[in-house]
Each structure stands twice: as C-alpha cells, then as structure tokens.
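Letters go in sequence order (proteins before strands), and every chain restarts at 1.
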There are 2 protein chains.
Amino acid sequence: MARPAAKKLETSTTLLEAAKKVLRQSGYAGLSTRDVAAAAGVPLSQIHYHFGSKQGLLLALFEYLNGQLLDRQDALYGDKSLSIAEQWDKACDYLDEDIGSGYVRVLQELSAAGWSDPEVAKVVRDAIKGWIDLIAEVARRAERELGGLGPFSAEEVAALVGSAFIGSESHYLLGLERRGVPVRQALRRFGDLIRIAESKSSKR
Amino acid sequence: MARPAAKKLETSTTLLEAAKKVLRQSGYAGLSTRDVAAAAGVPLSQIHYHFGSKQGLLLALFEYLNGQLLDRQDALYGDKSLSIAEQWDKACDYLDEDIGSGYVRVLQELSAAGWSDPEVAKVVRDAIKGWIDLIAEVARRAERELGGLGPFSAEEVAALVGSAFIGSESHYLLGLERRGVPVRQALRRFGDLIRIAESKSSKR
DNA sequence: GCAATTTTCGGTCGATCGACCGATTTATCA
DNA sequence: TGATAAATCGGTCGATCGACCGAAAATTGC
C-alpha cells in the first residue's frame, strides 16, 4: 500500500531513466516491466513498489520528462528581448535537440498510448494543451506587433503550429525526412515568413 | 443444407474488416489475433493461414484500406475544374469523413507501429510519401497560378501541409479538439487564405 | 467419380506478460 | 541501542500472447 514519493532518488529515478531508454529503443508496444527492470539493474518488483503499476510508471515518466522541459519553455517564451522569428528559430532548435535526445520518440509513443488509455491521454493532452496555449500567446503578440494574422485567430494559429510540429515529429519517426520530405527544413522556412512580416511592420 | 448463400464473403476480407474494427476499438496495443478472429467469427488459425503472421495481417490491412482511398485521392487531385481552394476544402471534408469512419485511428495506429517495426514503417511511409507528392503537385500548380509561395518551395509546402494534417489527427485522437483547441477549424481557415490569394491573382 | 489441392477447424505448445507475495535487509529516530 | 518503517529481493501465480500442428471438410481439376 505504501506508495512513497521519490524520496530515495536512486532507484525510482534509475527506473524512470531505464523506462525512457527502453521506450526509445523498443517503443510502447515492446515496453515490458521486465525490460525496464533489467535496464535499470533492479528486481522487477521494484517497479510495483515505487510506481504501483506499469501505467503508474509511464505517467511518472511523462511528468518526469515534462518537468525537465518546463524551464526551457518558460525561458523561451518569457524572454521578451527575442523577436518572434528568433523564438521560432529557437523552437526549431529545440525540436532538433529533442529528436536527438529521444524525447520526441517518447512523447509520440505516450501520445499514441493515450489514444487507448484515457488516463495517459489526460496527462499528455494537458501538457500539449499547455504548449499550445504558450504558442497562442506568441501568436497574440504577433497579432499586435505585425498587424493581424490574416484570416486566422491566434488560437487557430496555435492549433496549426502545434499540429505541424507534432506531425513533423511523426513524419520524422517514420523516416520520411530521410526519403526526401523536407520536414524540419520546411518548419524552419516558416521563420523566414515571420522575418518578412517583421521587416514590413518595422518599416511602417 | 440451408446454408446462407448470401454471406459468402471471403474469409480473408472478413478478417481484414474485423482487424480494422478491433484496431479502432482497442488500438494497436490491444490488438490480439484472438480478438480479431473472434470479431470475424472464424477460428484463430485462419489468420496464420491467410496472412502468415500477425504482422502480415496488419500489412494486408493497410494496403486494403489504402486501396479504398486511392480512387478518392486521384479523383480529387485529377479534377482540374476545381480551384485550389476547393481542393483544400474537399481535403478537409475527407478528414472529417475519415475521422468518422475510424480510418484516421487505424492510420495513426499503424504509423505508430511503424516507429518500432521497419517493415510496417516502409508500407506506411510509402503511402504517406505518395500523398505528400500529390500535395506537392497541387503546390506547384498554386505556384504557377498564384505567383509564388512566398519563401517556400512546393516540396516544403507539401511537407508542412502533410505534417499539419497528420498532427491534427493526432491532436484529435488525444481529445484536444474537445478541449478547445480548434484543430480542424484552423485547417479549414487555411482555405480562406488560398481564396484570398486566388482572388488577388485573378484580379491581376 | 476420383484424386489433388485448398480451406477450415479445434487444440495445444512454449514464451512472456503484469501483478503479487513473504522474507530479508537497510534506513530512521526515540 | 532497539523499535519501527522503508526499501530490496527472489520467486511464483494466473492470464494471455503468437505460432503451430494434424485431422477434417470443402473445393477444384481431370
């Protein structure tokens, strides 16, 4: 019954890191508690002791990873000295970084797991909703500074940008980029569009 | 011998339809050969007889569904009487239709399965690559008729549009739309942008 | 009508899964 | 130090998985 919070940093954190590693390598379908325990070098029963269940481990993993990213996000969107185009470029840098670290794979796997598991869906959805809200804020700033967003509302721009990034991740994981589809290049090009709009509005 | 002659449907087709149904309801993680066989009303061993393995069933399922969609796609992109904005609207209609029929769920589940399974990835990737190539053609047409695509190449536009649609599907499956993120509404709004560009170019 | 082939069927195998248990060790604090 | 709780450990349970088998039935070709 005892379900302590991560007090002894060692084992529970080791398990989360191991779960991340296994999820990167084998995906959600190939993720077994035994694999995670083996990767962590601890007995199987430790998973249920620390996280209660396999699902508990996954939810804890997502919050663990998301916590690592929150500071980064706040730093990006809180820095008012950056132009919107510079913020966009930075977001693209983050995507490259997250692909390299394997976080994208984990996020997409958990997202897919959410399609079947309402509890997982809630956690992932809330996180992505948070990101989209941040994007909407930037879009509202762009609306003010650049003079409108064409036919789009700020919320619609945020939904589109969020979809484009998530879809790009999916395409990348499928290997489309290596097959000639310029996924990330196209995302970065969008920064040029913002730059054009910014130079127009500054000349006004 | 009063056997129902009307229900002489091929067993393999029955199995594919059953697999589609199970995949819609339980996702890839919850897809077992026994569930499929039960949903189809045939013995388990029929799956391995007709498709060799579980993976063989999945690959056949994707090609089965994709074949149903190919005619529709060709009809959309082959109809030169439609304006680009009308083509966009129709694509949005198709998305609604595919969400309703459950095809989106199946496609996304198979796509996710491809992240771990190279053979599944190849089939899904080739199909999506085909769609993106079609979009690129439309983008080239837009480039000619509307006078350029801003900083984007046709291939980049295709990559962005493809990502946006796939990402929208993922967001929809997560339930983000019901939480106030205007996913499909934003996609449709993009048609307005095309209409603006078309009216400008016609006035030229 | 008969032989060859295709298809259907029930049953079972070995492997793996998540979960759980009791016993043992380690850490915490009076 | 001794008592109490937290944490670790090996082992095992029932369930489910994909795959496979040989026999039976249906279909096809001659």
Quick one: does NZ or CZ of Lys54(B) land under 6.0 Å from the six-membered ring centre of Tyr28(B), within 45 degrees of the ring axis?
yes
If the test is side-chain hydrogen bond (donor to acceptor under 3.5 Å, both in side chains), which one of Arg105(B), Gln108(B), Arg184(B) qualifies with Glu169(B)?
Gln108(B)
Nearest to side-chain heavy atoms of Lys54(B), which nucleotide of dG18(D), dC9(C), dT8(D):
dG18(D)
Any side-chain N or O of His48(B) less than 4.0 Å from the OP1 or OP2 oxygen of dA19(D)?
yes
Distance in angstrom units between Gln46(B) CD and dG18(D) P, rounded:
16 Å
Ignoring hydrogens and geometry beyond distance, is the side chain of Ser45(A) in donor-acceptor contact with the base of dG10(D) at under 3.5 Å?
yes
Are any of Thr11(A)'s side-chain N or O atoms less than 4.0 Å away from OP1 or OP2 of dT8(D)?
yes
To the nearest angstrom, the CG-P distance between Leu44(A) and dC20(C) comes to 12 Å
Phosphate oxygens OP1/OP2 of dC17(D): is one of them under 4.0 Å from a side-chain N or O of Thr33(B)?
no
So, do Leu58(B) and Phe51(B) sit near enough that their side-chain heavy atoms are less than 4.5 Å apart?
no
With a 4.0 Å cutoff (strictly under), does any side-chain N or O of Ser32(B) reach OP1 or OP2 of dC17(D)?
yes
Assert: residue with more 5' nearest nucleotide on DNA chain D, out of Ser53(B) and Pro43(A), is Pro43(A)
Atom CD of Glu10(A) and atom P of dT25(C) are separated, to the nearest Å, by 20 Å
Atom CG of Leu57(A) and atom P of dG18(C): how far apart are they, to the nearest Å?
10 Å
Rounded distance (Å) that lies between atom C1' of dA19(D) and atom CG of Leu58(B)
15 Å
Using a 3.5 Å distance criterion without hydrogens, assess whether the side chain of Ser163(A) forms a donor-acceptor pair with backbone atoms of Ala159(A).
yes
dT25(C) P sits how many Å from Tyr49(A) OH, rounded?
17 Å
So which nucleotide from dT8(D), dG18(D), dC9(D) ends up closest to the side chain of Val42(A)?
dC9(D)
Any donor-acceptor pair under 3.5 Å linking the side-chain atoms of Tyr103(A) with those of Glu97(A)?
no
Length of the CZ-C1' vector between Phe51(B) and dA19(D), whole Å
16 Å
In whole Å, I'd like the distance from the NE2 atom of His50(B) to the P atom of dT6(C).
13 Å
